[in-house]
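Written below as structure tokens is the structure these notes are about.
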Amino acid sequence: MAVVGAGPAGLLLSHLLTAAGVDCVVVEARSRAYVEARLRAGILEQPTVDLLRAAGVGERLDAQGLRHDGIHLQWPGERHRIDFPALTGRSVWVYGQTEVVKDLVAARLAAGAPLHFEVSDVAVHDVGTTSPRVSFTDAGGTARRLDADVVVGADGFHGICRPSIPAALARTWERGYPFAWLGVLAEVPPSTDELIYAWHPDGFALHSMRSPSISRLYVQVDATERIEDWPDERIWEALQTRLGLPGWTLGTGPVLEKSITGMRSFVSSPMRHGRLFLVGDAAHIVPPTGAKGLNLAVADVAVLAEALLEFFSSGSQTLLDGYEQRALDRVWRATHFSWWMTSMLHTSGDGFDARLQLAQLQQVVSSTAAATVLAENYTGLPHALVGGPR
Ligand code: FAD
Ligand code: DHB
């Protein structure tokens, strides 16, 4: 099997298949240092953690990850806690995507399994036949070719696998948003025990963290903003205003990294073309507000790994034939949740929208039914429960 992309999806899928004895080669355009340092998601939902543990890569997660049993939802003058275990029996973990990637790379290298970094000219061929191929140039400049039974496109939104599906067969659904997140990683202990999602007339703000000594914070900015126009003092001021509550102060510290990330919803179908299967961001993107992107990539992998294991052990394609439908059911659930969280928390400047958002927030914090819907989605429905029976 050939896997294009060593992000969380490609690394986890190849880990699961290699552990079951399937020959599997991973090719990655970037260097090991780059993929291990790429700052992205920070929240793992319960089914993601369960899968990482079951796959034997949960040791450092259990030692260093922070289990969180809730989040705070806030608007001016009010902060309310949503209690996840009480509503769903599940929790989430603060454990950076960088750490997940490091754990999976380490496991793969320790197993002596093939993982080629810094490859170029990657192309997939003959995916409509039973002998597809991947060609690439390795880090040393040698042209290589992988003959496989199956090719997996885990190469993210800008990868080459999705565009290799004939345009006439593809369909996409997309929603852009007029705002973006300005994120900072700061060397300061978090000023909160659990994440704070804050609605404010100036715009959304989020207080997250990476460890007991590192905070991760975001503010909503206009999609056209440039990072040069946001000196550190301006960011801290916006965060203090939007996250502020009487009697509560935001701790500040040296900014280690800052950047602006655009937001979009995007779903592409088919997720399978012949012997090519797409997983994770290669097939779909969600805005970050519900912390679903990484978790959705892992959920795709859970479904595809089971189907591939059946295929490689018995030759049966029954589960492979059902992959797209099972994966898409969860993709659309997460797409709706991420859109809903984004719509509830980001301000547009329109007064009517603002009143609707506050009414929605009030309902979420005062109705057990509404809070449960948020908690179920945020902590992640068990993989087996989305996408129908196995
Ligand atoms: P990726 O992580 O994108 O991995 C794809 C891999 O393929 C990469 O290593 C890439 O280098 C490689 N690749 C690409 N093209 C090729 C090629 N031609 N040949 C070989 N390799 C190739 N989600 C959240 O839940 N919370 C967040 O805060 C959050 N922040 C984000 C910030 C940014 C800037 C981005 C881009 C995403 C963010 N996400 C966030 C989303 C989350 O990080 C992704 O959903 C997750 O990384 C998906 O994993 P993946 O393995 O499918 O794709
Ligand atoms: C983080 C990112 C998110 O998108 C989110 O909803 C919560 C936390 C983070 O990077 O820590």
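Along the sequence shown, residues carry numbers from 1. Just so it is clear, the values below take in all heavy atoms, side chains as well, and ignore hydrogens, waters and symmetry mates. Just so you know, ligand 1 is whichever comes first in the structure, and atom 1 is the first atom listed for that ligand.
- Under the 4.5 Å side-chain heavy-atom criterion for grouping Ile, Leu, Val, Met, Phe, Trp and Tyr, L12 is connected to V35 within one hydrophobic cluster.
- Around the CG atom of D23, the shell of radius 6.0 Å holds no more than 12 heavy atoms that belong to other residues, nucleotides or ligands.
- Annotation: Y197 is not in aromatic contact with H72 [ring centroid separation under 6.0 Å not met].
- Nearest non-hydrogen protein atom to atom 10 (C) of ligand 1 is E28 OE2, 3.5 Å.
- Checking side-chain atoms of T88 against main-chain N and O of P85 turns up no donor-acceptor pair under 3.5 Å.
- Every atom of ligand 1 is numbered from 1 in the order shown, and the set under 4.0 Å from a heavy atom of V35 is 9 (O).
- A salt bridge does not link E118 with R30: none of the charged nitrogens is closer than 4.0 Å to a carboxylate oxygen.
- Close approach to G156 involves these atoms of ligand 1, each under 4.0 Å from a residue heavy atom: 3 (O), 5 (C), 53 (O).
- Between Y177 and W339, the distance from one ring center to the other does not fall under 6.0 angstrom.
- Using a 4.0 Å cutoff on heavy atoms, H158 does not count as a contact of ligand 1.
- Close approach to R38 involves these atoms of ligand 1, each under 4.0 Å from a residue heavy atom: 8 (C), 9 (O), 10 (C), 11 (O).
- Of all protein heavy atoms, the one lying nearest to atom 3 (O) of ligand 1 is R40 NH1, 2.9 Å.
- Between H80 and W75, a ring centre-to-centre spacing shorter than 6.0 Å is recorded.
- Note that CD of E99 and CG of L104 are 11.5 Å apart. Values are rounded to the nearest 0.5 Å.
- A donor-acceptor contact shorter than 3.5 Å links the side chain of R162 to the backbone of F157.
- Considering K292, R30, Q97 only, the shortest heavy-atom separation from atom 47 (O) of ligand 1 involves Q97.
- Both the sub-6.0 Å distance and the 45° axial angle are not jointly satisfied by R67 relative to the ring of Y95.
- Scanning the protein for heavy atoms near atom 23 (N) of ligand 1, the closest one is A41 CB, 3.5 Å.
- Residue A154 touches ligand 1 through its backbone alone, judged by heavy-atom distances below 4.0 Å.
- Within the 4.5 Å cutoff, no side-chain heavy atoms of V25 are placed close to those of M1.
- Of all the atoms in ligand 1, the ones that sit under 4.0 Å from a non-hydrogen atom of A291 are 25 (O).
- Side-chain contact check for R81 versus D69: some heavy-atom pair is nearer than 4.5 Å.
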- Task: Dump the intermediate steps for side-chain contact (heavy atoms from CB on, under 4.5 Å) on T98 and E36, then the final yes or no.
- Result: CA-CA 5 Å; T98 48; E36 290 187 345; over 6 Å; no
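- Near G280, the atoms of ligand 1 lying under 4.0 angstrom from a non-hydrogen atom of the residue are 52 (O).
- When hydrogens are left out, the protein atom nearest atom 20 (C) of ligand 1 is A29 N, 3.3 Å; that is the closest non-hydrogen contact.
- Within ligand 1, counting atoms from 1 as listed, the ones closer than 4.0 Å to a heavy atom of V4 are 19 (N), 20 (C).
- Residues lining ligand 2 at a heavy-atom distance below 4.0 Å are given as R40, G42, I43, W181, L195, Y197, L206, S208, R210, R216, Y218, P288, T289, A291, ordered by chain and residue number.
- Residue, atom and distance of the protein heavy atom nearest to atom 19 (N) of ligand 1 are V122 CG2, 3.4 Å.
- The proximity of V27 to ligand 1, defined as any non-hydrogen pair under 4.0 Å, is limited to the backbone.
- A salt bridge between R60 and D62 is absent, with no side-chain N of the basic residue lying under 4.0 Å from a carboxylate O of the acidic one.
- Less than 4.0 angstrom separates some heavy atom of G159 from each of these atoms of ligand 1: 15 (N).
- In this structure, F179 and H346 have parallel ring planes: the angle between them is below the 30° cut-off, well short of the 60° mark.
- Close contacts of ligand 1 with G5, meaning ligand atoms under 4.0 Å from a residue heavy atom, involve 6 (C), 7 (O), 12 (C), 21 (N).
- Distances between N or O atoms of A9 and those of ligand 1 include at least one value under 3.5 Å.
- Closest to atom 15 (N) of ligand 1 among all protein heavy atoms lies D155 O, 3.6 Å.
- Nearest non-hydrogen protein atom to atom 18 (N) of ligand 1 is I160 CG1, 3.6 Å.
- Any N or O atom pair closer than 3.5 Å counts here, and P288 shares no such pair with ligand 1.
- The side-chain heavy atoms of W173 and S265, taken from C-beta on, include no pair separated by under 4.5 Å.
- For the pair Y218 and ligand 1, a heavy-atom separation below 4.0 Å is found.
- Among all non-hydrogen protein atoms, the one lying nearest atom 4 (O) of ligand 1 is G7 CA, 3.4 Å.
- Counting only residues at least two apart or in different chains, side chain to side chain donor-acceptor pair (under 3.5 Å) contacts with residues 240-258 comprise D232-K258.
- When side chains are defined from C-beta on, R79 counts as touching I196, because their heavy atoms get closer than 4.5 Å.
- Where the criterion is an N or O separation shorter than 3.5 Å, residue side chain and backbone included, P8 meets it with respect to ligand 1.
- The shortest N/O to N/O separation between D281 and ligand 1 falls below 3.5 Å.
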